[in-house]
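The figures here come from the full heavy-atom set of this structure, side chains too, leaving out hydrogens, waters and symmetry mates.
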Amino acid sequence: MILQLFALGALIALAGGLVLPTREAERHMHPEYRADPASRWVERSKRAYMPEMTFSSQRVEQYADYWRGIAHQTLEQQLESKMRLNTQLAKNLILFLGDGMSIPTITAGRVYLGGEEKQFAFEQFPYVGLSKTYCANMQVADSACTATAYLGGVKANYGTVGVTAAVHMKDCHGQSQPENHVASIAEWAQRQGMATGLITTTSVTHASPAGVYAHIAHRNWENDADIKADEADPTICEDIASQLVNSQVGQNLNVILGGGRQNFLPEHVRDPNGVLGRRKDGRNLIEEWQRQHTNSAHYVHTRRQLLELSNQTTRVLGLFAPYHMPYHLDADVQEQPTLEEMVQAALKILQRQSAGRGYFLFVEGGRIDHGHHDTLALRAIDETAEFDKSVRWARTHSSMEDTLIVVTSDHSHTMSLAGYSSRKNDIFGINDGQLAADDLPYATLSYANGPGYNTNYLKEGGAIKRKNLRSINMKNKDFMFPTAVPLESETHGGDDVAVFASGPYAQLFSGVYEQHFIPHAMAYASCLSDSRSMCSDAGITRRPH
C-alpha cells in the first residue's frame with residue numbers, strides 16, 4: 001500500500017511538471033574536482049568543464065592542529081573581549097560609513113589584501129551586527145534616506161535627507177516646515193558642547209555627509225541652480241551648500257573635509273582647477289564661511305595646506321576637488337590628501353577643541369559606491385582598503401575606554417562572488433574552477449545589473465555572445481565587470497549590511513536591527529539627546545538603568 005501511494009505521488013508530481021530530485025541533479029549542483037595529468041580539462045557534465053586544480057594549500061594547513069589552533073586563539077579573543085562589558089561613558093564618538101560597502105565587497109577585499117584569511121581592521125572589532133537598510137517608502141534604499149536613519153535615527157523617504165517621511169522627494173514646502181526636520185547625532189553632540197566634524201571622499205554636499213547638517217527634499221539640490229532646475233524656489237527650500245554654511249549645525253562644525261567646491265562658488269568664478277562654480281545667486285559661500293569665523297579658522301584646498309595647519313587651528317573647511325575627490329587610484333598625491341590623512345588632521349583639531357567634552361566625527365568612504373555603480377569592481381574594492389586604513393589609524397590612536405567607533409554601510413550593491421575558484425585565485429580575474437555552458441570562462445566578480453553588460457557581450461550573426469575574458473585585461477582599473485542586466489548605472493542591493501563596533505557600549509551593536517537604531521545606541525553610550533534621561537545632569541555619570 002505504501003509503495004502504491006509513493007508511485008501515485010510520483011505520477012502526480014510528473015503530471016504536474018514537478019522535477020523530483022535525483023543523485024545526478026545533486027552532482028550538477030556540487031561539481032567534483034580532480035587533477036587529471038593526461039588532460040587539462042575534465043568533463044563533468046554537459047554544462048561545465050572542470051580544469052585541473054593547481055593550487056596547493058600551505059603545508060601547515062594540511063594538519064588538523066593548525067585549524068584547531070586558530071579556533072582556540074579566536075575563542076580566547078572572544079572570551080577576553082566579551083567577558084568584561086565596557087559600560088564607561090563614550091566621551092568620543094566616531095561613525096565610519098563605507099558607502100555601498102556590502103558584505104561581498106568586504107569578502108572580495110580580503111582577497112585583495114592578500115588572501116581569504118585576511119581581515120580588515122574593522123573586522124577585528126569585538127561586536128558585529130546587521131542593519132536593515134530599507135527606506136520608509138522603498139524596498140531598496142539610496143544614500144539619502146539611509147543618512148537620515150543612521151545619523152538622525154528616523155526612517156525617511158527615498159531621495160530625502162534630514163526630514164521625516166512626511167516629506168516626499170522634491171516637496172519644497174514640506175522641507176521648509178521645521179516640524180518635518182530631523183536633528184542628527186551631530187546636532188545632539190553640539191547641544192552638549194562636543195566638538196564635531198565630517199569627512200568624505202565625495203562632495204561635502206553629497207547625500208551621506210548632508211545627513212549631518214541638512215534638511216532637504218531632494219538629495220540633488222546641492223546648490224541653488226539645482227533647485228531652480230526643478231522649478232522650485234531656493235528662497236523657500238534652501239540648498240545643501242547654503243545650509244552647510246548658514247545652518248546652526250553647519251556653522252558649529254569644527255571640521256569639514258571633502259570635495260565639492262563648485263557648489264560653493266558663483267557660476268562666473270573658477271576654482272583652482274579652472275572649473276566654474278554652479279551657483280546662480282552670485283554668492284561665494286567659501287568667503288561667507290571665512291567671514292563667519294575667526295582668524296584661527298582656515299580654508300584649505302590642497303593636501304599640503306591641510307598637513308601644514310597650525311596647532312592653533314580651531315576650524316577647517318577643506319575642499320579638495322570641484323566635485324567628488326578622485327579615486328585613490330587616480331589621485332594626485334601632491335594635491336589630494338588620503339582619507340587617512342584627513343582623519344589624522346581632523347582628530348588633532350577635534351581633540352584640542354573638545355575641551356574635555358568629547359567629540360563626534362563622521363567619516364565617509366564615499367567612492368566605494370561610485371565604483372560599484374559603474375561596475376568598476378577594482379576601484380570599489382581599492383576604495384574599501386583605503387577606507388579601512390583610516391579606521392585602523394583612528395582605533396589605534398584613540399582610547400578603547402572612552403571612544404566608541406562604529407563602522408557600517410548605508411546599503412549594499414549587486415556585486416557577488418560566484419563559482420568554485422581555487423584559493424588565492426585572482427579576485428579580479430576569471431573563475432578558475434569551471435567554464436560556462438558556452439565553453440567560455442566567467443569572472444569571479446559580477447553584478448546583477450549595470451553598464452558592464454555592454455562591454456562584456458558582442459553580437460555575432462544576430463546572436464548575443466559573451467566575450468572571451470581571456471583576451472581582456474581585467475586588471476585594468478577601468479574594466480567594467482560583467483552584468484546580467486543592461487543598465488546605465490548599477491543599482492543598490494536590498495540586503496542587510498554589517499555593523500562593527502569597538503569601545504564603550506559596543507555590545508549594543510550586536511544582533512539584527514533597523515538602521516535608524518544606530519544613532520540612538522551611540523547617543524545612549526555618550527549620554528546625548530533623549531538618552532540623557534539615563535544620565536546625570538552633568539552628562540558624565542550614567543544613572544542605573
Side-chain angles (χ1 to χ4, degrees), residues 70-99 101-107 109-110 118-134 141 146-147 149-155 185 188 360-363 365 384 387-388 391-392 394-396 398-412 493-531 534-535 542 544-545:
I70 291 177
H72 292 157
Q73 182 182 8
T74 304
L75 179 60
E76 290 178 3
Q77 292 171 345
Q78 291 284 69
L79 290 171
E80 182 180 357
S81 65
K82 295 180 173 62
M83 291 298 287
R84 184 185 71 86
L85 297 181
N86 184 348
T87 57
Q88 300 296 312
L89 177 79
K91 189 170 98 172
N92 308 310
L93 301 171
I94 308 178
L95 176 57
F96 281 93
L97 192 283
D99 197 310
M101 189 178 70
S102 61
I103 292 176
T105 301
I106 296 171
T107 305
R110 295 179 194 138
K118 298 295 183 181
Q119 277 190 313
F120 286 112
F122 55 78
E123 291 185 276
Q124 299 170 32
F125 286 8
Y127 294 94
V128 183
L130 290 174
S131 162
K132 297 189 284 185
T133 63
Y134 63 91
T146 52
Y150 63 75
L151 286 166
V154 173
K155 290 263 185 179
I185 187 171
W188 306 345
F360 168 80
L361 176 63
F362 172 73
V363 182
T384 305
F387 172 75
D388 182 62
V391 177
R392 183 185 300 276
R395 183 67 288 175
T396 56
S398 59
S399 169
M400 289 277 291
E401 294 303 310
D402 68 4
T403 302
L404 171 64
I405 298 181
V406 176
V407 180
T408 187
S409 177
D410 46 356
H411 52 71
S412 69
D495 37 312
D496 297 352
V497 296
V499 183
F500 306 87
S502 171
Y505 282 93
Q507 60 269 22
L508 296 177
F509 296 91
S510 59
V512 182
Y513 37 79
E514 299 287 357
Q515 190 173 48
H516 74 278
F517 165 75
I518 292 172
H520 293 286
M522 295 184 75
Y524 181 82
S526 195
C527 288
L528 302 180
S529 190
D530 296 338
S531 301
M534 307 303 301
C535 309
R542 183 177 302 282
H545 182 57

Indicate yes or no: at least one non-hydrogen side-chain atom of Pro519 is less than 4.5 angstrom from one of Leu151. no

Please answer whether the main-chain N or O of Phe125 pairs with a side-chain N or O of Arg395 as donor and acceptor at a distance below 3.5 Å. no

Might you work through the side-chain contact (heavy atoms from CB on, under 4.5 Å) test for Phe362 and Ile185, ending with a clear yes or no? CA-CA 10 Å; Phe362 172 73; Ile185 187 171; over 6 Å; no

To the closest 0.5 Å, what do you measure between OG1 (Thr133) and CG (Asp410)? 8.5 Å

Would you mind reporting whether Leu130 and Ile103 have side-chain heavy atoms less than 4.5 Å apart? yes

Non-hydrogen side-chain atoms of Tyr513 and Val499 separated by less than 4.5 Å: yes

Please name the pair of heavy atoms, one in Phe509 and one in Val406, separated by the smallest distance, quoted to 0.1 Å. CZ-CG2, 3.8 Å

Over all heavy atoms of both residues, which pair between Phe387 and Val363 is shortest? Give the atoms and the distance, please. CE1-O, 4.3 Å

In terms of heavy-atom contacts, Leu508 and Tyr524 come closest through CD1-CD2, 3.9 Å

Find out whether Met101 and Ile106 are in side-chain contact, i.e. whether some heavy atom of one side chain is under 4.5 Å from a heavy atom of the other. yes

Quick check: does any side chain N or O of Asp495 sit under 3.5 Å from a backbone N or O of Ser412, one acting as donor and the other as acceptor? no

For side-chain contact (heavy atoms from CB on, under 4.5 Å), just list the numbers for Tyr505 and Gln507, CA-CA rounded to whole Å, side-chain angles, deciding distance to a tenth of an Å, and then say yes or no. CA-CA 5 Å; Tyr505 282 93; Gln507 60 269 22; 4.0 Å; yes

Could you walk me through whether Asn92 and Ser398 satisfy the side-chain contact (heavy atoms from CB on, under 4.5 Å) test, starting with their C-alpha distance in whole Å, then the side-chain angles of each, then the deciding distance to 0.1 Å, before giving a yes or no? CA-CA 9 Å; Asn92 308 310; Ser398 59; over 6 Å; no

What heavy-atom pair brings Glu123 and Arg110 nearest, and what distance separates the two atoms? OE2-NH2, 2.5 Å

Drop me the distance from Ile70's CD1 to His72's NE2, to the nearest 0.5 angstrom. 11.5 Å

Indicate the atoms forming the closest heavy-atom contact of Arg392 with Gln119, along with that distance. NH2-O, 4.5 Å

Checking His411 against Asp99: is there a side-chain donor and acceptor pair closer than 3.5 Å? yes

Would you sort out whether Trp188 and His520 count as a side-chain contact (heavy atoms from CB on, under 4.5 Å), showing the intermediate values? CA-CA 11 Å; Trp188 306 345; His520 293 286; 4.2 Å; yes

Non-hydrogen atoms of Cys527 and Leu89 that approach each other most closely: SG-CD1, 3.6 Å

For the CD atom of Gln88 and the OG1 atom of Thr403, what is their distance to the nearest 0.5 Å? 12.0 Å

Should Val512 and Asp496 count as side-chain neighbours, where that means a heavy-atom distance under 4.5 Å? yes

In Å and rounded to the nearest 0.5 Å, what is the CD1 to CG distance from Ile518 to Leu97? 8.5 Å

Answer yes if the ring centres of Phe122 and Phe500 are under 6.0 angstrom apart, and no otherwise. yes

Just by distance, do the side chain of Ser526 and the backbone of Ala90 share a donor-acceptor pair under 3.5 Å? yes

Hey, what do you get for CE (Met400) to CG (Asn86), rounding to the nearest 0.5 Å? 7.5 Å

Establish, yes or no, whether the cationic atom of Lys82 lies under 6.0 Å from the six-membered ring centre of Tyr127 and within 45° of the ring axis. yes

Any chance you could measure Ile94, atom CD1, to Leu361, atom CG, to the nearest 0.5 Å? 5.5 Å

Given 3.5 Å as the limit, does a donor-acceptor pair link the side chain of Ser510 with the main chain of Val128, or not? no

Side chains of Leu528 and Leu93: does their closest heavy-atom pair fall under 4.5 Å? yes

Mind checking whether Phe120 and Thr384 have side chains closer than 4.5 Å, heavy atoms only? yes

Is a side-chain donor-acceptor pair under 3.5 Å present for Gln515 with Tyr134? no

